[in-house]
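Structure, as structure tokens:
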Amino acid sequence: MDEALRYRPRNRLLIIVGNFGSGKTEVAVNLALDLARSQSVCIADLDLVNPYFRCREAQEEMEALGIRVVYPKGEYRAADLPILLPEVRGAVGDPERLAILDVGGDDAGARVLSALADTIVAREHDLLMVVNANRPFTADVPGCARMKEAIESSSRLRVTGVISNTHLMEETDAGTVRAGITLARSFAASEGIRFECAVADRGRAEELAAEGERGPFLVIERKMLPPWLTRGATAGSGWFRRGA
Amino acid sequence: MAKVLMKGNEAIGEAAIRAGCRNFFGYPITPQSEVPEYLSRRFPEVGGTYVQAESEVAAINMLYGGAGVGKRVLTTSSSPGISLMSEGISYIAACELPVVLVNIVRGGPGLGGILPAQSDYHQATRGIGHGDFRLLVLAPASVQEAVNLIYEAFDLADRYRNPVLILGDGMIGQMMEPVEFPPMRPLDSLPEKPWAATGMKDRPQNVINSLYLNEHELNAHNFKLKAKYDQVAREQVRFETWRCDGDLDVLVVAFGTMARIVKTALADFNAAGGRGGVFRPITLWPYPHEQLRETARRAKKVLVIEMNTGQMIDDVRMALGPDREVGFFGRTGGVVPTPDDVLAAIGEVTGKGAAR
């Protein structure tokens, strides 16, 4: 992939929102891993509404790269409790590290941001909405706009950009990604916000780049896997892990 | 229709709508809360009624009423919530009312945990309520299969006038997979229910009640139900066999998502020269006892793998008889066996190298 097509965020406080199941965690984790190659990164797991598929599951891999991962530790790791750690506010206010907040789904998940809104607005930031056109309720521009409005009203913040993450898991082809980019661009244009990037695996991204798609692209590897797609995982707690 | 990407819980809600269900009564509990969440959003678009009850006890009795007036009704819950519904489910079965229940199982007993488990097998197939009755119990292994089974469950419930339970686990509820939905069922195509309490007008009175103070009447009612369950057992046994042709070193019996993990492990086992297959019951009641017995005849070893300490193994033993040795591997409480764990268990039973 041509370096010029690689996604580089313009701000150092990135808040990832979107509807439930849009792929916020995959995007946040992959973005953290990508940016950690060149700078100091902190990621905070702010998903207080759903105990499954949270970025704390990829913690080991991220910490190995020097990424600071903020999430409730110990016995509360797998709890469905609305725990907002004080470290999150610290991470938001710390100019030394690029901070990524992985927020819960829908307006319900974004509500936690309203408690942090004062600290957030004091720093240059982007509120990035992840959109997967194959998910219910965000298949078209009006659906995306309704979701954006609901997230903005519960978070007391403004969405500044859209990340196109349209896929169908293993059944994703270049056409799937292309259709998502088209939707995300129209949505961004109609709302007057930025089209940030398109998310795709390496194969799909290269295919689209060869067709002349200018992206930029966030090239990802799927981290959140069901157990039957994991090999070489060791026995222990937790019910899905990184692939070997 | 094009495929969409759905969480299992959302897909369950949409499949119920497609099947002509317009009435949901329930109470949120992790890991199934996305079903009520989804339906509370979708029902207004299709003219459905969504009621969040004050408890599971209230919800199941609302189902009793809704089914009694002839509506297609649904509730979904997770383990402790299903326990609370126990009494109402027995009443519903006694009154021969068609309802669809979904249990997205979490770790137990007690409050347990919120991660996936299969520890409600006994409850689902043996003891979901008091009295002599049975549920049809269907166990999907993928989001698509959950959609297909929910869609059909409403027809099965109507055909046999009996509750149908879909038994999933936290993974079925929470994971996202591409799915294709069956067409929207026109409401005027749903079966007539001449027994429903819809206002008597000029027909004889319909009574929906499970109280029989005359012992002979209750005895007769129980044998009438028994005849129905025998008919279900003859007509509805479903299962999947995977790589079960020819002689086998090992036959692994597993249901639901556990069977998918076993397939990943057996693909490696078979690639290394072993011969292993999976027998996956889809109906947990009626259980495919005969089909399992036939398949197991060609296997040197039989291994049961479950996310519990050994529940379905009772049915496997019943199918295979006391002379057949049956191995077991299980994990509980949200610890999901990995393909490597399964491969090690297979290695132990077969004596064939599990090392990769």
Side-chain angles (χ1 to χ4, degrees), chain A residues 19-23 25-26 49-54 75 77-81 105-109 132-139 143 146-147 150 165-172 175-176 179-180 222 224-244, chain B residues 2-11 13-14 28-31 33-34 37-38 41-42 45 106-107 113-117 141-143 169-179 257-265 267-268 307 331 333-344 356:
Chain A
N19 73 314
F20 182 63
S22 56
T25 297
E26 288 285 6
V49 293
N50 188 296
Y52 283 77
F53 294 111
R54 297 182 287 198
E75 64 175 313
R77 187 175 198 275
D80 55 347
L81 296 171
D106 290 358
D107 47 327
N132 181 344
N134 290 324
R135 292 280 297 141
F137 309 119
T138 52
R146 275 193 297 274
M147 179 58 64
N165 185 39
T166 295
H167 67 91
L168 267 177
M169 298 279 182
E170 292 80 27
E171 298 176 27
T172 310
T176 316
R222 194 173 164 200
M224 306 289 132
L225 292 167
W228 48 89
L229 294 180
T230 63
R231 283 207 164 88
T234 50
S237 64
W239 61 280
F240 58 80
R241 321 123 209 268
R242 281 180 289 132
Chain B
K3 282 195 178 177
V4 288
L5 198 54
M6 299 279 270
K7 297 238 172 193
N9 284 334
E10 299 166 334
E14 184 62 33
I29 180 171
T30 306
S33 297
E34 296 81 10
E37 181 85 24
Y38 183 84
R41 204 154 157 179
R42 272 286 279 147
E45 299 174 6
R106 56 189 255 178
I114 55 176
L115 295 176
S142 68
V143 175
D169 60 53
M171 276 185 279
I172 284 286
Q174 293 293 330
M175 70 184 174
M176 257 189 338
E177 288 187 316
V179 286
T257 55
M258 192 61 237
R260 291 175 79 171
I261 303 171
V262 172
K263 286 176 187 176
T264 300
D268 288 358
M307 288 188 275
R331 289 288 178 268
V335 178
V336 177
T338 65
D340 282 21
D341 296 336
V342 171
L343 205 49
R356 49 174 71 246

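Chain letters run A, B, ... following the sequence lines, proteins first and then strands; every chain starts at 1. Everything numeric here is computed off the predicted structure, so don't read it as measured data.
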Inset, instruction - Flag yes if more than 12 heavy atoms outside B:Glu37 fall under 6.0 Å of its CD atom; otherwise flag no. - result: no
Inset, instruction - In plain terms, say whether B:Arg41 and B:Glu10 are close enough for a salt bridge, that is, a side-chain N and a carboxylate O under 4.0 Å apart. - result: no
Inset, instruction - Would you mind telling me which of B:Gly113, B:Gly333, B:Pro178 has the largest number of heavy-atom pairs within less than 4.5 Å of chain A? - result: B:Pro178
Legend entry - Side chain, backbone, both or neither of B:Glu14 within contact of chain A (heavy atoms, under 4.5 Å): neither
Inset, instruction - Keeping the roles fixed (side chain from B:Glu34, backbone from B:Asn9), state whether a donor-acceptor pair exists under 3.5 Å. - result: no
Legend entry - Region of B:Thr257 in contact with chain A, defined by heavy-atom distances below 4.5 Å: both
Legend entry - N/O donor-acceptor pair under 3.5 Å between B:Arg106 side chain and B:Gly170 backbone: no
